[in-house]
Amino acid sequence: MAVYLATIIVIIIIALELAKSSPLSSISLSAEVKALLNSGWWGNNYSRNYCEFANITCNEAGSVIQIDLSYEFLKNKKLEDLNWSSLPNLERLDFRRSDLTGGIPDEIGTLSNLTYLNLSCNNIVGDLPLTLGNLTKLAHLSISNNHISGSIPIGIGNLKSLVVLDISNNNFTGPIPSSIGHLTNLTYLWLCSNQLIGSIPTELGNLLNLVDMNMGFNSLTGSIPLSIGHLTNLAYLRLCSNQLSGSIPIGIGNLRSLVVLDISNNNFTGPIPPCIGYLTNLTSLYLHSNQFSGSIPQEIGSLVNLVEMNMGLNKLHGPIPLEIGHFTYLTLLDLSHNLLKGQIPSSLCQLKELNSLNLSANQINGAIPPKLGDLPMLGYLDLSSNKLSGEILTIKSNYTIQYLDLSQNQLSGPLPNDLEKQSYLMHLGLSSNCLSGTIPSGLAYYPRLVYLNLSHNDLSGEIPSSLRSFQLGRSIDLSYNALDGQIPHRPQNACPNKKKNIVMLTLVISLPITVLLASLGFVLFSQSKAKKNQSVARVVNSGDMCSIWNYDGKIAYEDIIMATNDFDNRYCIGTGGYGSIYKAQLPSGKVFALKKLHGFEAEDPTIDRSFRNEVQMLTNIRHRNIVKLYGFCLHKRCMFLVYEYMERGSLFCALRIDTEAIELGWTLRVNIVKAIAHALSYLHHDCIPPVVHRDISSKNILLNSELDAFVSDFGIARLLHLNSSNRTVIAGTYGYIAPEHAFSMVVTEKSDAYSFGVVALETMMGRHPGELLSSLASQSATNIMLTDVLDPRLPPPTNPVVVGDIAFVVTVAFACVGSEPRSRPTMQHVSQQFLSRRKTLATPLRAISLLQVSTP
Ligand SMILES: *[C@@H]1O[C@H](CO)[C@@H](O)[C@H](O)[C@H]1NC(C)=O
Ligand SMILES: *[C@@H]1O[C@H](CO)[C@@H](O)[C@H](O)[C@H]1NC(C)=O
Ligand SMILES: *[C@@H]1O[C@H](CO)[C@@H](O)[C@H](O)[C@H]1NC(C)=O
Ligand SMILES: *[C@@H]1O[C@H](CO)[C@@H](O)[C@H](O)[C@H]1NC(C)=O
Ligand SMILES: *[C@@H]1O[C@H](CO)[C@@H](O)[C@H](O)[C@H]1NC(C)=O
Ligand SMILES: *[C@@H]1O[C@H](CO)[C@@H](O)[C@H](O)[C@H]1NC(C)=O
Ligand SMILES: *[C@@H]1O[C@H](CO)[C@@H](O)[C@H](O)[C@H]1NC(C)=O
Ligand SMILES: *[C@@H]1O[C@H](CO)[C@@H](O)[C@H](O)[C@H]1NC(C)=O
Ligand SMILES: *[C@@H]1O[C@H](CO)[C@@H](O)[C@H](O)[C@H]1NC(C)=O
Ligand SMILES: *[C@@H]1O[C@H](CO)[C@@H](O)[C@H](O)[C@H]1NC(C)=O
Ligand SMILES: *[C@@H]1O[C@H](CO)[C@@H](O)[C@H](O)[C@H]1NC(C)=O
Ligand SMILES: *[C@@H]1O[C@H](CO)[C@@H](O)[C@H](O)[C@H]1NC(C)=O
């Protein structure tokens with residue numbers, strides 16, 4: 001009886017609670033409560049006013065009108081969990097990036113007041129329900145980035161209020177229904193990255209408000225409908241990567257608002273119509289990979305706002321129009337793989353913003369305009385496979401060029417000998433020309449150079465000793481020249497265990513005079529790449545993690561997204577070994593650096609592993625000279641790390657920019673070396689198990705506003721389990737990897753010690769010590785004085801304490817770069833020496849020789 005009474009009392013209390021919160025129409029409201037509570041998404045607390053549930057908004061009548069669970073992690077939750085028929089007043093549903101699974105239930109069609117539905121970036125499967133056609137008030141429909149399949153229902157044409165329709169990146173098949181032509185309020189129509197077939201319905205010409213239309217990456221056929229000429233508000237038109245054919249309709253000249261026109265990777269034919277010259281607001285014009293013929297119309301010269309123009313891989317002939325020189329904002333010009341003739345117009349030398357110029361595989365003749373080498377932003381220059389003659393151009397810009405290919409022309413004369421300053425050069429292709437003279441010795445010291453091809457020329461003289469040091473993962477071909485000189489001896493057991501992962505250049509000696517440097521390295525390199533591609537197929541989803549927030553608990557995912565405007569390019573401050581680095585200033589004023597993986601990188605298991613490795617390492621490491629990780633997000637569509645922001649960038653850059661190098665005086669440089677030593681000592685000796693960084697290089701040492709140094713980039717760091725073999729594949733930065741790594745894969749702290757030695761020398765010398773190290777190895781350098789190798793941009797140190805410090809740093813550095821790992825000091829020893837010593841040096845600087853400091 002007592003139990004019975006108690007139950008009644010409880011029921012009354014609940015009823016009173018409900019009555020309090022829902023003064024009106026309690027019957028329908030209780031259906032709403034039931035729907036919410038039965039979903040299990042908000043726990044099971046019957047005593048709470050559901051209008052106060054997190055992420056729910058009610059109208060004045062107490063009825064749910066909005067559910068916003070965007071960016072919430074609703075793993076394993078499905079839209080089917082909610083009884084949508086019980087929530088008839090819903091106006092807004094936002095579930096973007098919330099990890100929903102399951103399908104879209106038919107009951108969604110009962111939400112007749114719905115104006116906004118965003119299900120983007122989830123794992124939703126199945127077909128679109130036909131009932132969707134009932135949502136006649138829907139203005140925004142985003143279901144992009146899911147796995148939704150089936151065809152687009154014809155009923156979509158009923159959604160007359162639609163302004164935004166985005167179904168991109170799904171698995172839709174079948175044709176585009178012509179009923180979309182009824183959606184006359186549409187401004188944004190994205191159907192890209194599906195498997196749509198058939199032609200573009202001519203009815204789309206009715207969508208006069210359309211601003212952005214993207215149908216790229218489908219399997220559409222047929223031609224562009226003439227009606228497209230009506231869409232005078234269109235700013236973005238992307239139809240790339242389909243199988244569209246026919247010629248560009250003349251009506252395209254009406255689309256004066258166009259900013260981006262991308263119809264690349266199709267099967268379009270015919271000429272480029274001169275009326276394209278009317279589209280003066282265009283910034284991007286992509287016509288590449290089609291079958292366009294005829295000559296490039298001169299009218300193109302009116303497109304003075306162009307930033308990127310790609311017409312490569314077509315059948316265009318005739319000359320390159322001089323008018324291209326008017327495009328003052330142009331950064332990319334690709335006319336490769338056409339049938340273009342005549343000379344390179346010298347007007348191209350006016351394109352001060354030009355970063356990438358590709359004219360390869362044409363029939364261009366004459367000389368390369370010498371001023372082309374003055375272009376300050378030039379990064380990629382490909383003029384290969386033409387009929388160019390005369391001399392190689394001299395690149396004047398400092399440090400910008402990364403890719404230079406002039407192979408397969410008729411160029412003559414010597415190799416330019418001032419390429420040394422091009423420290424970003426990765427690819428140098430000069431093969432199959434008539435180049436003569438000798439190979440300048442600086443050529444091998446590009447720290448990033450991975451491809452060097454000088455074959456099939458008429459070069460003579462000695463192969464510079466610099467090219468003889470071991471080359472890791474690099475492809476070098478010097479064959480078919482008249483070079484001579486010794487090929488360096490290598491230890492006999494250079495390839496002891498033939499482990500497939502060792503990437504190494506093997507030198508092959510051929511005829512006594514002609515020396516053939518066959519690039520076996522390249523072959524191995526390609527093999528290892530092929531292996532990588534295979535493993536892509538076995539990607540396993542290792543679960544998502546997101547934890548931003550050990551900085552006062554004040555950073556939230558949304559703050560990051562807002563601070564970078566969803567990783568807008570404006571906030572990008574650089575690219576690392578992988579991913580891009582962004583600067584994010586939170587409303588609090590605090591600035592962070594973010595490293596975000598590009599989508600394609602997140603799919604790459606090696607990069608994905610490095611990224612997760614970095615999180616694992618850095619969350620467990622705390623040291624004042626190691627960059628701080630404040631949080632991370634490992635969601636498969638958006639992977640990023642949040643770091644302490646380092647105002648002054650990398651040591652590498654600081655040493656290469658003259659003004660910054662001068663600011664880095666001797667004391668600061670010594671302190672930088674000390675900081676690295678302390679950080680490494682901590683990693684090797686204070687962490688349990690010890691951590692080997694494995695990629696110490698000047699690029700991975702960052703400087704804050706006070707020019708204090710911090711070790712960063714733990715992507716390939718490894719925990720050293722003392723009783724395991726610690727064998728691993730080669731990784732690291734060329735020029736900093738300990739030599740024993742060419743022959744064995746055992747990882748020890750001594751490999752970091754070697755890299756530390758290189759960075760320490762680099763810091764003192766202001767440049768990479770590669771040349772010095774190889775000349776020291778060949779006996780010739782015994783009488784080099786210490787002052788001769790110190791950075792010449794700084795005045796020589798005079799303070800005896802500083803002189804003593806420098807001599808000590810250089811001595812330690814030489815001990816660290818010794819080829820025998822066992823003879824290298826431990827970082828703990830180095831760190832302690834730095835802490836304890838404070839001696840002045842009696843010998844004046846000018847009297848110290850390298851021999852003295854390099855033999856302990
Ligand atoms: C239920 O909600 C009330 C009021 O919001 C709260 O005081 C109580 O702790 C909650 N109970 C549970 C089990 O969450
Ligand atoms: C949802 O509610 C939680 C808890 O109150 C809150 O932290 C989060 O910001 C809300 N999400 C949205 C998108 O409003
Ligand atoms: C969903 O709600 C409607 C209306 O409130 C109700 O008729 C129906 O029985 C509910 N369905 C389920 C499965 O609870
Ligand atoms: C929809 O909105 C209208 C106007 O705001 C309102 O009168 C109506 O009650 C709402 N609910 C349904 C189910 O139509
Ligand atoms: C919703 O759409 C379905 C299928 O198109 C239709 O059968 C049904 O009558 C519609 N319901 C309402 C309330 O309009
Ligand atoms: C829906 O969410 C996606 C992902 O955040 C966003 O890019 C898109 O702009 C949203 N759509 C609308 C209509 O707001
Ligand atoms: C897309 O559909 C095809 C078959 O229609 C299927 O093989 C494929 O797995 C689907 N892809 C996704 C991501 O759902
Ligand atoms: C289309 O947009 C106009 C202007 O915003 C608006 O007045 C009209 O109601 C909209 N049409 C529909 C069907 O929503
Ligand atoms: C071209 O761009 C300018 C500046 O953005 C703008 O004012 C103008 O309206 C645009 N012209 C057309 C036809 O859209
Ligand atoms: C492209 O067009 C050419 C000529 O019109 C035709 O021969 C070829 O089959 C087409 N290719 C594709 C992939 O449609
Ligand atoms: C230049 O274009 C050719 C052919 O279109 C391509 O193979 C090459 O990779 C391009 N060069 C650069 C630097 O992008
Ligand atoms: C390149 O550097 C030199 C000195 O290092 C400087 O005089 C010259 O102005 C720089 N050139 C450019 C284009 O920045």
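Counting starts at 1 for both ligands and their atoms, following the listed order. If you read the sequence from its start, that first residue is 1, and numbering goes on from there.
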Discussion item. Below 4.0 Å from ligand 11: does a non-hydrogen atom of Gly312 turn up there or not?
Written reply: no

Worksheet item: Is Tyr116 near ligand 6, meaning one of its heavy atoms is under 4.0 Å from it?
Response: yes

Starting from [atom], what is the nearest protein heavy atom, named by residue and atom, and what distance separates them?
| atom | result |
| --- | --- |
| atom 1 (C) of ligand 6 | Asn118 ND2, 1.5 Å |
| atom 2 (O) of ligand 11 | Asn358 ND2, 2.3 Å |
| atom 3 (C) of ligand 4 | Asn113 ND2, 3.6 Å |

For the residue pair [Y] / [X], report whether a side-chain donor-acceptor contact shorter than 3.5 Å exists.
| X | Y | result |
| --- | --- | --- |
| His140 | Asn118 | no |
| Ser384 | Ser407 | no |
| Tyr380 | Asp382 | no |
| Asn123 | Asp99 | yes |
| Tyr116 | Glu91 | no |

Worksheet item: What atoms in ligand 6 come closer than 4.0 Å to a heavy atom of Ser120?
Response: 1 (C), 2 (O), 3 (C), 4 (C)

Discussion item. If the cut-off is 4.0 Å to any non-hydrogen atom of Asn89, which atoms of ligand 4 fall inside it?
Written reply: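 Answer, ordered by atom number: 9 (O), 10 (C), 11 (N), 12 (C), 13 (C).
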
Worksheet item: Are the ring centres of Tyr582 and Phe640 closer than 6.0 Å?
Response: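 Here the rings of Phe640 and Tyr582 have centres that are no less than 6.0 Å from each other.
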
Worksheet item: Measuring to protein heavy atoms, does anything land under 4.0 Å from atom 9 (O) of ligand 6?
Response: no

Discussion item. Can you check atom 5 (O) of ligand 6: any protein non-hydrogen atom closer than 4.0 Å?
Written reply: yes

Discussion item. Nearest 0.5 angstrom please: Ser432 OG to Gln410 CD, how far?
Written reply: 11.0 Å

Discussion item. Please check whether Ser142 reaches ligand 6 - meaning an N/O of the residue sits under 3.5 Å from an N/O of the ligand, judged on distance alone.
Written reply: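 Min N/O separation from ligand 6 is below 3.5 Å for Ser142.
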
Item to complete: Measure the acute angle between the ring planes of Phe53 and Tyr50, then classify it against the limits of 30° and 60° as parallel, tilted or perpendicular.
Response: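 Perpendicular.
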
Discussion item. With nothing but distance in play, are any N or O atoms of Ser336 less than 3.5 Å from an N or O of ligand 11?
Written reply: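 Yes, since at least one N or O of Ser336 sits under 3.5 Å from an N or O of ligand 11.
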
Discussion item. If I apply the N/O under 3.5 Å rule, does Tyr403 come out as touching ligand 11?
Written reply: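 No.
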
